[in-house]
Amino acid sequence: MIASAEESPHRPPSGRMPYGGISGLAQCAMSATPESARTLRHFARAVAQRWRLHDDFHEALAVIVTELVSNVVLHSGSSWVAVAIRVRGNTLTTEVRDGGSWKHRSVRRQEPLDAHADLGHGLRLVDAFATRTTTRRLEAGSVVAAEIVMPASSGGPPV
């Protein structure tokens, strides 16, 4: 696993910056395995905690990362997955990138979903938390981005 973080260098005496002045970036890449969904979910929660985001955003990031990474593991055939979490102004963006190509399921899933399973809850959960979701197919792989617009009192990356 490879992880990095960048944070805005200046903080006013109040300790909080207006959203227009905050920014932060945290990234992590690893092998695309079923365990990567759990590992990257913990990474997302740690980022939300370090940046002192409101608890609602801890859960939103965890769900978004878990579902998007799970889709890479189950459907892309990629050997790796990368997550980037970024705050710019009042927008929290999560990007999940892979190097594979989508594999389509020949038969619909039949088993009921387990509420505690690491995988398989679907993009509907991502859409429920995100203000906007986009998908870009690349020459090799794809990038799915989920954006959340945060209210002014939600915290942000420490600077």
Side-chain angles (χ1 to χ4, degrees), residues 1-11 15-103 118-123 125-152 154-159:
M1 175 170 64
I2 301 170
S4 70
E6 297 176 14
E7 297 165 351
S8 184
H10 304 290
R11 177 180 289 282
R16 293 254 183 229
M17 293 185 70
Y19 268 117
I22 67 168
S23 66
L25 171 66
Q27 303 177 88
C28 188
M30 63 185 306
S31 297
T33 66
E35 295 80 27
S36 59
R38 179 176 296 161
T39 301
L40 291 168
R41 177 176 59 240
H42 291 299
F43 170 76
R45 284 187 186 273
V47 168
Q49 184 174 15
R50 176 160 171 78
W51 289 353
R52 291 180 267 148
L53 298 178
H54 189 276
D55 288 344
D56 292 345
F57 298 109
H58 291 227
E59 184 64 21
L61 278 174
V63 169
I64 289 168
V65 166
T66 300
E67 294 310 317
L68 296 180
V69 170
S70 296
N71 283 343
V72 169
V73 171
L74 293 173
H75 305 295
S76 79
S78 179
S79 62
W80 58 270
V81 60
V83 172
I85 302 169
R86 174 179 295 115
V87 172
R88 271 200 197 129
N90 68 336
T91 303
L92 175 65
T93 304
T94 303
E95 289 186 351
V96 175
R97 183 177 185 152
D98 68 77
S101 59
W102 291 101
K103 300 181 290 187
D118 285 336
L119 306 171
H121 298 286
L123 292 174
L125 284 174
V126 174
D127 289 338
F129 284 99
T131 307
R132 181 177 153 212
T133 306
T134 60
T135 303
R136 289 187 343 246
R137 291 190 187 247
L138 307 172
E139 189 173 314
S142 60
V143 177
V144 179
E147 295 179 354
I148 301 171
V149 176
M150 300 184 297
S154 298
V159 286

By side chain to side chain donor-acceptor pair (under 3.5 Å) - contacts of Gln49 (at least two apart): none

Close side-chain approach of Leu61 and Leu92, heavy atoms under 4.5 Å: yes

Set of residues satisfying side chain to side chain donor-acceptor pair (under 3.5 Å) with respect to Thr134, sequence neighbours excluded: none

Verdict with reasoning, Glu95 to Val83, per side-chain contact (heavy atoms from CB on, under 4.5 Å): CA-CA 6 Å; Glu95 289 186 351; Val83 172; over 6 Å; no

Closest contact, heavy atoms only, Trp51 versus Ile85: CH2-O, 3.4 Å

Validation row: Arg88, Thr93 side chains within 4.5 angstrom (heavy atoms): no

Short side-chain to backbone donor-acceptor contact, Thr131 and Val149, under 3.5 Å: yes

side-chain contact (heavy atoms from CB on, under 4.5 Å) against Ser79, all qualifying residues, sequence neighbours excluded: none

Pairs flagged by salt bridge (charged side-chain N to carboxylate O under 4.0 Å, His left out) wherever residues 57-66 is involved - sequence neighbours left out: Arg45-Glu59

Partners passing side-chain contact (heavy atoms from CB on, under 4.5 Å) against Ala146 (at least two apart in sequence or in another chain): Ile64, Val126, Ala130, Thr133

Side-chain donor/acceptor of Ser78 to backbone N/O of Gly99, under 3.5 Å: yes

Modelled atom types, side-chain donor and acceptor of Arg137 and Ser142, under 3.5 Å: no

Spatial distance of atom OG (Ser70) from atom CZ (Arg41) [nearest 0.5 Å]: 8.0 Å

Heavy-atom closest contact (Ser36 atom, Val69 atom, distance): OG-CG1, 3.7 Å

Flag side-chain contact, heavy atom, 4.5 Å: Phe57 against Met150: yes

Close side-chain approach of Val144 to Arg97, heavy-atom, < 4.5 Å: no

Approximate separation, where rounding is to 0.5 Å, of Leu25 CG and Gln27 CD: 4.5 Å

For Asp98 against Ser76, the heavy-atom pair lying closest together: OD1-CB, 3.7 Å

Rounded distance [0.5 Å steps], OG1 in Thr94 versus CD1 in Ile148: 6.0 Å

Nearest heavy atoms of Ala44 and Val65, plus distance in Å: CB-CG2, 3.7 Å

Glu147: partners by salt bridge (Lys or Arg N to Asp or Glu O under 4.0 Å), with sequence neighbours left out: Arg132

Least distance between heavy atoms, Val81 atom then Ser31 atom: CG1-O, 4.2 Å

